[in-house]
Amino acid sequence: MLQLNYIRENKEEAIERLAIKNFDAKAILEQVLELDNDRRKTQNELDSLLNEANIIAKQVGDLFKQGKKAEADELKNKSVALKESSNKLSEQLKSIEEQQHKLLVQVPNTPSFKVPKGKTPADNENVYQEGEIPKLYSGAKPHWELAEQYDLIDFELGVKLTGAGFPVYKGKVARLQRALINFFLDKATAAGYLEVQPPIMVNEASGYGTGQLPDKEGQMYHATIDNLYLIPTAEVPITNIYRDVIVKTNQLPIKMCGYTPCFRREAGSYGKDVRGLNRLHQFDKVEIVQIAHPDKSYDTLEDMRNYVAGLLRDLELPFRILKLCGGDMSFGSALTYDFETFSAAQEKWLEVSSVSNFETFQSNRLKLRFKDGDTKAQLTHTLNGSALALPRIVATMLENFQTPEGIRVPKALIPYTGFDLIN
RNA sequence: GGAGAAAUGGCAGAGUGGUCGAUUGCGGCAGUCUUGAAAACUGUUGAGGGUUACACCUCCUGGGGUUCGAAUCCCUAUUUCUCCGCCA
């Protein structure tokens, strides 16, 4: 959520920046500012009425003590009248604030000026590419066929147990996934991230804090009896650890990582995009989160980008980094790098990580601030990234490392898997 | 799941209807002293709104109510603790 102060002082800039995201903000921001004027006016009136009422209440008390009951009663009547008008005003105020809030949550985050203009994924800027695209032998297969050939992943069985998009991993691939999770967590820990194991269900306040609610409600599984949501990413519980917290400046940056399953309803997905492991309702992911000082958050973003690149390098996977264009960015992000690995048998790039700086968009909702001494508390910046999401990594590994004898395991992972060939 | 108790500032912990936004201690910050530090002493120290700055307003878990006046009384939700039941 954008800060009111920012909108008040930089309306034109906000409109300009939001245009990069193809969001026409003029009307809505002007309405927000108009409501803000109303709000302040109403609040001023209300405050002076309350002030008057407070004074009278004190006088009544004094008069009672002095035994001047008649005078006290007279003042009481005056106070009752005051109360009526103040009740009316405070209802007005509440309604104004609600309207304003309703508008504000509809406004996406302002993208950084570094974000390229554009509407579709085709407009994303390819900023980096590394690794060789493997040339496969003839007869090489996409991962879903390999999964069947070696009896590694049972999609049908998942349908029986739960439904489409909930596969069952077996044997060496189950072990491979566990290996990847441990590998990613060890790497993150070595890079200074504190490992946390958060709940994988969250309440409404947490969903709101990181921006999944109210707008993306339909994308999360909702346990309605208890009004809890299955998390779509560990970003939600981990970032919300610092909801309503004021940290000391010297605690920044705060670095946390965690492994969780992630759940996404993916309503509206179809076709070959969802084939095999490409898009699932449940998948595993290690997430990294940082809470940073506003002056340093873009350096932090570059650190995170380099960190994720290192993981893909370790896994010997060819990858490219895209700077997302305005039209392809998420609602809350100010700048996002997507990582894609090249899946050789499908001959396409698969998104395996997304690293974003949210600037104050989340911290404003979270009321996550920092301060030292007697300075005023200021909003932090929040960042997060996948490091990494498993299924597409597994898909790419199966495809790229396949040989007629079986599927090779990259060197860095062998200590974790305990085997070097899946066959 | 049943019965009882509780929820106050970073922490601990006073406060049961009228200068309570809240006593006090610890912690934090600043200063005195010291070569420096510790100790001691002094001062300062919650958040939000509002104002050029003051004033002023709101917040004692959340929501509602009683009252001229609520941290204090009532209702309700949530959470925590104790006891019982169940249980990986």
Side-chain angles (χ1 to χ4, degrees), chain A residues 1-9 32-101 103-105 197-209 213-214 223-229 237 240-252 254 291 360 362-380:
Chain A
M1 191 160 70
L2 296 184
Q3 295 177 78
L4 253 182
N5 270 343
Y6 172 76
I7 299 175
R8 219 183 275 160
E9 286 158 25
V32 165
L33 289 179
E34 209 172 291
L35 284 166
D36 192 45
N37 279 334
D38 277 3
R39 194 206 97 233
R40 275 189 284 180
K41 212 176 114 208
T42 312
Q43 180 140 40
N44 275 337
E45 277 176 53
L46 176 62
D47 284 357
S48 53
L49 282 186
L50 290 175
N51 180 224
E52 216 175 311
N54 284 344
I55 291 168
I56 289 176
K58 265 179 205 161
Q59 287 171 343
V60 171
D62 288 342
L63 289 171
F64 265 120
K65 274 185 201 156
Q66 292 164 28
K68 297 176 180 167
K69 195 163 173 307
E71 287 173 51
D73 283 340
E74 198 177 316
L75 268 181
K76 270 195 201 178
N77 291 334
K78 201 170 157 194
S79 181
V80 170
L82 267 179
K83 202 178 172 186
E84 257 175 57
S85 33
S86 75
N87 276 347
K88 211 170 132 196
L89 273 177
S90 91
E91 257 168 55
Q92 254 181 54
L93 183 65
K94 209 169 141 191
S95 137
I96 291 170
E97 282 171 344
E98 271 166 19
Q99 285 177 57
Q100 192 182 43
H101 186 256
L103 290 175
L104 272 175
V105 294
Q197 238 173 42
I200 60 177
M201 296 185 98
V202 293
N203 57 27
E204 243 180 302
S206 294
Y208 175 80
L213 296 175
T224 51
I225 294 179
D226 296 298
N227 197 23
L228 297 174
Y229 295 85
N240 270 281
I241 290 173
Y242 282 89
R243 168 154 49 87
D244 291 319
V245 173
I246 300 177
V247 298
K248 295 212 173 89
T249 308
N250 62 18
Q251 286 177 263
L252 299 175
I254 294 165
I291 296 166
T360 59
Q362 292 182 327
S363 59
N364 192 26
R365 291 178 169 219
L366 292 161
K367 296 197 169 47
L368 163 49
R369 290 162 291 176
F370 69 96
K371 69 176 258 184
D372 39 19
D374 24 328
T375 60
K376 208 177 137 125
Q378 222 189 119
L379 295 174
T380 67

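Chain A is the first sequence line, chain B the second, and so forth, proteins listed ahead of strands; every chain is numbered from 1.
Remark: B/A12 base-pairs with B/U24. Criterion, Watson-Crick or G-U wobble with two distances under 3.5 Å. With a cut-off of 3.5 Å on both Watson-Crick or G-U wobble distances, the partner of B/A6 is given as B/U79.
Distances were taken from every side-chain heavy atom of A/Lys248 (C-beta onward) to each of B/G28, B/G50, B/A47; the shortest belongs to B/G28. Out of B/G50, B/U58, B/G18, the shortest distance to the side chain of A/Ala57 is found at B/G18. Nearest nucleotide to the A/Arg369 side chain, out of B/G46, B/G48, B/C68: B/G48. Here the side chain of A/Lys76 is nearest to one of B/A47, B/C68, B/U51, namely B/C68. Checking B/U51, B/G69, B/A47 against every side-chain atom of A/Lys83, the shortest atom distance belongs to B/G69. Listed candidates were B/G48, B/C68, B/G49. Nearest to the side chain of A/Asp47 is B/G49.
Distance A/Asn87 CG to B/G64 P: 12 Å, rounded to the nearest Å. Between the CD atom of A/Gln3 and the P atom of B/G48 there is a distance of 12 Å, given to the nearest Å. Residue A/Lys376 contributes atom NZ, which lies 12 Å from atom P of B/U51 at whole-angstrom precision. Look at NZ on A/Lys367: it is 10 Å from P on B/G49, rounded to the nearest Å. Distance A/Asn51 CG to B/C68 P: 20 Å, rounded to the nearest Å. Between A/Lys41 atom NZ and B/C57 atom P the separation is 21 Å, expressed in whole Å. Here B/G69 presents its C1' atom at 13 Å from CG of A/Leu63, a figure rounded to the nearest Å. Atom CD1 in A/Ile55 sits about 11 Å away from atom C1' in B/A55, given to the nearest Å.
No side-chain donor-acceptor contact under 3.5 Å links A/Gln378 to the backbone of A/Phe370. Under the 3.5 Å distance criterion, the side-chain polar atoms of A/Ser86 are left unmatched by any main-chain donor or acceptor of A/Leu50.
For B/U42 and B/A47, the P atoms lie 25 Å apart once the distance is rounded to whole Å. Rounded to whole Å, the C1' atom of B/U66 lies 22 Å from the corresponding atom of B/A7.
A/Gly209 and A/Leu366 get closest at one heavy-atom pair: O-CG, 3.5 Å. Considering all non-hydrogen atoms of both residues, A/Ser206 and A/Arg243 come closest at OG-NH2, 2.9 Å.
Map A/Gly61 and A/Val80 each onto its nearest nucleotide of RNA chain B; the residue landing nearer the 5' end is A/Gly61. Place A/Leu50 and A/Asp62 on RNA chain B by their nearest nucleotides, and A/Asp62 ends up nearer the 5' end.
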Pair A/Leu2-A/Val32, side-chain contact (heavy atoms from CB on, under 4.5 Å): steps then yes or no:
CA-CA 11 Å; A/Leu2 296 184; A/Val32 165; over 6 Å; no

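In this structure, A/Glu34 places its CD atom where only 12 or fewer heavy-atom neighbours from other residues, nucleotides or ligands lie under 6.0 Å away.
Considering only side-chain N and O atoms, A/Asn54 lies under 4.0 angstrom from the phosphate OP1 or OP2 of B/U58.
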